[in-house]
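Presented below is the structure to which this report refers.
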Amino acid sequence: MTDDARYDITAIQERWLPVWDELAPFRSGRPDDPRPKKYVLDMFPYPSGDLHMGHAEAYALGDVIARYWVQRGFNVMHPIGWDAFGLPAENAAIKRGESPALWTYDNIAQQKSSMRRYACSFDWDRVLNTCDPEYYKWNQWFFLQMYERGLAYRKDSNVNWCPECQTVLANEQVVAGLCERCDTQVTKKKLTQWYLRITDYADRLLDDMAQLEGQWPEKVLLMQRNWIGRSTGAEVEFVIEGRDAPVTVYTTRPDTLYGATFFVVAADSDLAMELAMGTPAEAEFLAYLDTVKQTSEMDRLDNSRDKTGVFLQRYAINPVNGERIPVWASDYVLADYGTGAIMAVPAHDQRDLDFARTFDLPVRVVVEAGEDPLVSGIATADDGPHVNSGPLDGLDKAAAIARILEVLQERGTGRPSVNYRLRDWLISRQRYWGTPIPIIHCPACGEVPVPLDQLPVELPPAEGLDLKPKGASPLGAAVAWASVPCPTCGGPATRDPDTMDTFVDSSWYYLRYVDPHDATTAFDPAKVREWLPVDQYVGGVTHAILHLLYSRFFTKVLYDMGLVDFTEPFTRLLNQGMVVMNGSAMSKSRGNLVRLSDELSEHGVDAVRLTMVFAGPPEDDVDWADVSPAGSHKFLARAWRLSGDVTSPVGVDPRTGDHALRQATHRALHDASLAVETFRFNVAVARIMELVNVTRKAIDSGCGPADPAVREAVEAIAIMLSLSAPYTAEDMWSRLGHQPSVALAGWPEVDPALLVQDTVTCVVQVAGKVKDRLDVSPDISEDALRELALASDAVVRAIGDAGVKVVIVRPPKLVNIVPN
RNA sequence: GCGGAAGUGGCGAAACUGGCAUACGCGCCAGGUUUAGGUCCUGGUGCCUUCGGGCGUGCGGGUUCGAGUCCCGCCUUCCGCACCA
C-alpha cells in the first residue's frame, strides 16, 4: 500500500485544523449575509475540568444539526459559552488554595481547546462566560428590574438547607430529599431569603406549553406540568372557637365537606403555634414540634410511616352544618401548600383515614362508593351519590361540587380556588462564587437597590477571604467591600452578602449570544428579533425542570417588559441520552470511567463522533461497552479510500453516469435528509454506509472508477459525512479536487426522477404467508397484478384445490390471496 | 402509591399512514490476499427441521385478508413525582 492510500486520521486532523481556523466557516456575524437565519444552541457546559464523554455525545449531536442546516444554505448561529459560576469552582479552590476565578478560567481554556480539536462548528466570535462582570452585570440589572416590578422579594420562611454545601436550595434543587448537587440529606432552616415570583407565571408556564407540543419531548412537558401541579378546588372558612378570624382551608373535594370529622394544621406552621399556646395541650405540642423538626426530609418523605399528631384541645366549626370538630396539629399537613390547614374527611382521603384510625377519630361516609372505609381501611375517592350531606344528598361529585360552591359563596364562607405545587424560586446562596445581589441594607431606609449606574457590583477578590462554608456568605466578611454608604440617605449601610443561584445566569444566556460583548445593554432587542427564539435547543434531560422552567419564566417576564416579542425561548428541544459504561454512569469510584482524550487519541476525533451519532437514537443512552469506535474508524477508512479512486474530472456532468448508482446516491441523500430532520441520525449514517458499499462495488465490479456517477456518489458521501466526521470529509473533498471547506459545499439537490424505481418487488401471499415475489412495474394496474399473481406457480401450488375466496390487491407491492 | 416510557437476533439497533420482520453496524464462522500483524477483500450468520416446510418482535386474548405497529388484560425494566389536601 502506498502512503497516499493510507487513512491516517492523525495527519488529517493536523492538516485541517489550521485551515479551518483561517477560514472560520461557521462565523454567523456578517451583517450582509443574505442566507436565512437559524439558531442552533447546545446547552453550555460547566467548566469542571476537561470535556468528558457526555460532552462528546451532546456536542456531536448538536453539531450534526448545526452543520446540516449550514449545508442546506442557512446562516446558522451556533454559539458556545461557559456556565462558569458555581460551587465546584469554590470547593476546588478551597482544596487547592487558589482562587475560584483562576481555576475556572483555566478549565475554560482547556475545554475551549478541546472543542476546537473536536471540530465543533461553534462561532468563536460569540463566546461568553457567566462569571465575567460584563455578563453578570446584567443578572443584577434583571434582578433590579424584577425587584421594581415586585417579582423579586425577600421573605422569612422554612427553607431547604444543604449542610454539606452550607447554603439554601430552591425546591427544584432538592431531589427525593437530597441535595441535587452532592446527595446530602437536606434539612429545613428558618431564614430570610430572596425569591423570584415564578408562581405568578404558573398559569402561563402551563398554558404556553401548547406552543411546545410536538416540538419538545412529551416527557419534558409532562414533567413540567406535574412540577407546576395546578389543582382546582375551593377555599372554605372554618371558625375556630376562641379565635376572632376564621381559618381558611384549601380542598379539592368541597363536596365532601359534610364528611369532615376533624381539622388539621401543619405542625410547623405559625398557626399551629398560635392555636396551641395557652391551651392545656401547649407542652405536648411543643414536644411534638421538636420531634417534627428533627425528622429529616428523607424520613418525612416516607409516606408509609405512621401518622403522628397532637390534639390542640380546640374546636373548629363546620360552616355548613355547625358541627364542632377537634383541631389537631400534624406533620402530614404541609405548612407551605394551600393554607397549611385542612379539613379532614377520613372516609374519602387515605391520609385522613390513616390519621383517624391512628387516633380513633370518627369516620363518616358522605359518598356512596363501594366498601365502608372504616371496615376496609381504604378511603373511597371514586364518584358516587352523596349521602349524609343535606342539600347535596343524591348528587354526584360534579353536581355536588357546583352546589356546595353556590352555598358557600352565598354565605360568604367559601369560594372556588386554584392551587399550585410550584413555589417561588429561592435564589439567594450563601457562597462566594456567584453574582452579588445588588441590594444595600440600610438601618434607616431598609432595602435599597444599587443604582443602575453603579452596576456591576463586582465580587471582591477571593484572596484574603475565607471561602470555607460556614452557613453565612463569605462576602459578609469582606468588610471593605460590604460597607457602603446608603444610596438614599448616605448613612452607613451594608451590601447584601448573598450571591444568586447560578440558574439565574443560565436563564437568559441564549439572548446574550446575539452580541455577548454589548456594554450598553443585556441584549439588543433588534438583534434578538433577528435570531430568537432558538430554533433548535440540544441538551440533557437532567434540566427538564430546573433550567428549562426558569428560562421559560425569564422569557415571559422579558416579554412583559416589552424586551422580547416571543413567550417561549426554545422552539424545538432535543434531549440526548447519557454515555454510560457497562450499564451504569461512569465514575472514578466505580472504576468504569472512560477518558475522552484516550478515545480520541486511539480512534481519532471522527471515529468517536461517528460512534456517538451511530450508536442509536439520540435520546437513548450510549453504552460505550456496546459500541465500536474501531468499527467506525474502519468505515471511515473505507469511505475515505473511495475519494482516491475517482478518476473523472471535477465538474463532470453526472447525468451521463451509471443510472443505478445515481439512483442509490439520490435515494441516500433523500433518506439521510429526512432522517437528520427527524433526529434519526443513526439511520442517516446507515444510509451513508449503504451508499459507500454500493459505490465500492460500482468501482470494483460495476461501472468502474471513471464513471461520472462515481464522482457524484463520492462527493455526496463526503458532504453527508461532513456532519459527523468533518476531518475525513474535508480530506476526501480535497482529494476530489475541491477547495475547502466541504462544510460549505452545500447539500446536493435530490433529483426526484432518480427516486422512482424502475421495478418494484411485489410480495404475493397466500393466507397472509409469503409464497412468491414478482418484479413488476411501479405503476402496474390492479387487474394486471391480480392476474399475474394468480398465475404464479408457487401460488397455484399453495392453493391446491381449495379455491380462491378473496384476493386483496395493493399495487404495486402486495397481493394477498385468501383460499376457501 | 400516582404518572409516564419502553420490551425486536449473541449485542447496538432498523421497519413511512397496519402490508417482504431483523436495514446498517458490532461480534462470530468460513474462504481469499498479504503475512509480523489486531490490515484488507469475499461469502455466511433468528430458531427448529424428517429439507416439504414449520415457528418467530415480553406473555395471554381480540380486531383484520393481513399486526412489531391498533384494542383489552397481564409480566418485566427504566424514568419522573412522592403525605400537594
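Order of the sequence lines sets the chain letters (A, B, ...), proteins ahead of strands, with each chain counted from 1. Since this is a predicted model, take the numbers as computed values, not measurements.
At the heavy-atom level, A/R773 lies under 4.0 Å from base atoms of the strands shown. Using a 4.0 Å heavy-atom distance criterion, A/N693 is classed as a sugar-phosphate-only contact. A/D336 comes within 4.0 angstrom of no nucleic acid atom, judged by non-hydrogen atoms across all strands.
With B/rA23, B/rA13, B/rG3 as the candidates, the nucleotide lying closest to the side chain of A/N226 is B/rG3. Here B/rC55 is the nucleotide among B/rC55, B/rA15, B/rC16 with the atom lying nearest to any side-chain atom of A/K769. For A/S628, counting side-chain heavy atoms from C-beta on, the closest listed nucleotide (B/rA15, B/rC26, B/rA13) is B/rC26. Residue A/F614 places its side chain closer to B/rG12 than to any other of B/rG12, B/rC20, B/rC79. Across B/rA14, B/rA15, B/rC40, the shortest atom-to-atom separation from the side chain of A/R687 is found for B/rA14. When the nucleotides B/rC16, B/rC83, B/rC81 are ranked by their closest atom to the side chain of A/R421, B/rC81 comes out on top. When distances run from any side-chain atom of A/D626 to the nucleotides B/rA85, B/rC11, B/rC24, the shortest one goes to B/rC11.
A/T308 and A/Y332 are not linked by any side-chain donor-acceptor pair at a separation below 3.5 angstrom, with hydrogens and angles left out of the test.
Paired runs in RNA chain B that reach 3 or more consecutive Watson-Crick or G-U pairs, where each pair keeps both distances under 3.5 Å, cover B:1-7 with B:75-81, B:10-12 with B:24-26, B:27-32 with B:40-45, B:46-48 with B:53-55, B:58-62 with B:70-74.
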Considering only nitrogen or oxygen atoms on both sides, find all protein atoms under 3.5 Å from nucleotides 63-71 of chain B and state each distance.
from: B/rC65; atom 1: O2'; to: A/N816; atom 2: ND2; distance (Å): 3.3
from: B/rC65; atom 1: O2; to: A/N816; atom 2: ND2; distance (Å): 2.6

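Between B/rG58 and B/rG52, the distance separating the two P atoms is 32 Å to the nearest Å. Nucleotides B/rC2 and B/rU64 are separated by 36 Å at their C1' atoms, to the nearest Å. Distance noted for atom C1' between B/rG46 and B/rU42: 23 Å (whole Å). Nucleotides B/rA14 and B/rU50, compared at atom C1', are 35 Å apart to the nearest Å. The P atoms of B/rC83 and B/rU77 are separated by 24 Å, rounded to the nearest whole Å. The P atoms of B/rG19 and B/rU57 are separated by 16 Å, rounded to the nearest whole Å. Separation of the C1' atoms belonging to B/rC11 and B/rC28 is 11 Å when rounded to the nearest angstrom. With C1' as the reference atom, B/rU17 and B/rG68 are 16 Å apart, rounded to whole Å.
Two residues, A/M223 and A/G338, neighbour RNA chain B, and the one matched to the more 5' nucleotide by heavy-atom proximity is A/M223.
Geometrically, A/K307 does not engage A/F355 in a cation-pi contact, judged by NZ or CZ lying under 6.0 Å from the ring centre and within 45° of the ring axis.
Salt bridge annotation for A/D645-A/R696: present, with a cationic side-chain nitrogen under 4.0 angstrom from a carboxylate oxygen.
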